[in-house]
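Scroll down for the structure; my scribbles are underneath it.
Note that ligands are numbered from 1 as they come in the structure, with each ligand's atoms numbered from 1 the same way. These numbers were taken from a predicted model, which means no experiment stands behind them.
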Amino acid sequence: MLAMNGGQPVINRPAPALVRWGDPERKQLSEMINQPALFYWKGPQTTLLIERFQKHYPLKYVMPCSSGTAAIHIAIAAAGIGPGDEVITSPITDMGTVIGILYQQGVPVFADLEPHRYNLDVEDVRRKITPRTKAILAVHLAGNPCDLTALKKLADEHKLVLIEDCAQAWGAMHRGKPIGTIGHIGCYSLNDFKHIGCGDGGVVASSDERFGPLLQKFGDKAYDRVTGTRMPEFLAPNYRMSEPQSAVAAVQMTRMEDIAEKRFRLGRLLTREIEGIRGIHPHHAEQKDRCSYWFYMFRLDLRVMSCSRNGWVQAARAEGASFGEGYIAAPLYKYPIFQNQNFFAGRWPIKELGLTKMDYRQVSCPQTEAILENCVTTPINQAMDEDWIKGVAGVIRKVSNHFGKEK
Ligand SMILES: Cc1ncc(COP(=O)(O)O)c(C=O)c1O
């Protein structure tokens, strides 16, 4: 009997508590506070962060910055995206993915997603390429690598810049290579909710000689710290990292690999445990990749269940684990900002100037909309163990069997 109807819950203990920082961060912060300056450029903490980042991501130019949104904005600017240029990206993501495109007066073009990996459908990206397309911004949703091999090939064929949004994907690998190192520019977030964090922060990095040298300037008012000249040649915000954040982030980098590996193992276990349950489509990850599961998202086939998604989630929560009904409320193009073109004080200058014909009210990505209608999320984190995951799988099995319609 379901727990919500008076039965025994599957799980009888609280979720394992997640401890994210401790003595190593405390020690690093106390060293930092003895410094005479807390400025990022050549600062010991930021230098340490860059060194540790490069151990995992061997990229030549690395700019620590104030957020993942900032990292992406810097990447977009460095890639030369300008008024009317189109950037193809994912409609299931954080606003931070598209904010930089819009500020550079570019046009986010939303491509549809793969139904079970929730990442860009390469064929739909291909269909969305126009003479105005300048870049593909690939979001590795929930730590699951996009098909970077295919996206890179497509980008090269059409001379597009491939930017990777790795905000949710620390430690993820595509065919053995760290994500963020396959495209031309990689962008990472260190906000408080990510695998590793420092309150707020980000990193943008590249080995490409066209873009790499611009990253520092686009994050620092177009001041050139390398030569020490202050003769700005273009418009750039102040997105600098600061030493206190770098101190925490540098220590967090040392935890990153273990966190990613643990989440990978637990996520893979959950998939194995729930594969074959009628009405459940697990979170698909490619065998040859490493998905670092920022969260786990599966889909319900409500045609074979006698409940709504809300009914399923309520029943599952009563069994003792955490489940979220859906992910974001709607695909990005359905947000009021896009529907009303409310980008700059109610106006969209590039549309007024005839540089784009985009009308987000006409956009439709059927797979994306279907995903958001029947997906359910459940957390995965490094504090959990195999027993816990088997418990979560037990909940999914019990609730799905309970609501399963006769064949
Ligand atoms: C996929 C994705 N891209 C970009 C961002 C923006 O990162 P930040 O919050 O550090 O600005 C986030 C943050 O939630 C994200 O999940």
Can you run down the side-chain hydrogen bond (donor to acceptor under 3.5 Å, both in side chains) pairs that involve residues 83-92, sequence neighbours left out, and say none if there aren't any? D85-K134, E86-T130

Please step through side chain to side chain contact (heavy atoms under 4.5 Å, CB included) for the pair V62 and V203, ending with a clear verdict. CA-CA 7 Å; V62 180; V203 181; 3.6 Å; yes

Worked verdict on H283 versus H116 for side chain to side chain contact (heavy atoms under 4.5 Å, CB included): CA-CA 6 Å; H283 198 153; H116 300 296; over 6 Å; no

For a distance cut-off of 3.5 Å, show me each N or O of ligand 1 paired with any protein N or O, plus the separation.
residue, atom, partner, partner atom, Å
ligand 1, 3 (N), T97, OG1, 3.4
ligand 1, 3 (N), D165, OD1, 3.2
ligand 1, 3 (N), D165, OD2, 2.7
ligand 1, 9 (O), N191, ND2, 2.9
ligand 1, 10 (O), G68, N, 2.7
ligand 1, 10 (O), S189, OG, 2.7
ligand 1, 11 (O), G68, N, 3.3
ligand 1, 11 (O), T69, N, 2.9
ligand 1, 11 (O), T69, OG1, 2.5
ligand 1, 14 (O), K194, NZ, 2.7
ligand 1, 16 (O), Q168, NE2, 2.9
ligand 1, 16 (O), K194, NZ, 3.4

Is a side-chain N or O of N119 found less than 3.5 angstrom from the main chain of N144, in a donor-acceptor match? yes

Which residues share a side chain to side chain contact (heavy atoms under 4.5 Å, CB included) with S400, sequence neighbours left out: I277, I280, M305, W312, I396

Partners of D220 by side-chain hydrogen bond (donor to acceptor under 3.5 Å, both in side chains), sequence neighbours excluded? Y40, Q216, R225, R240

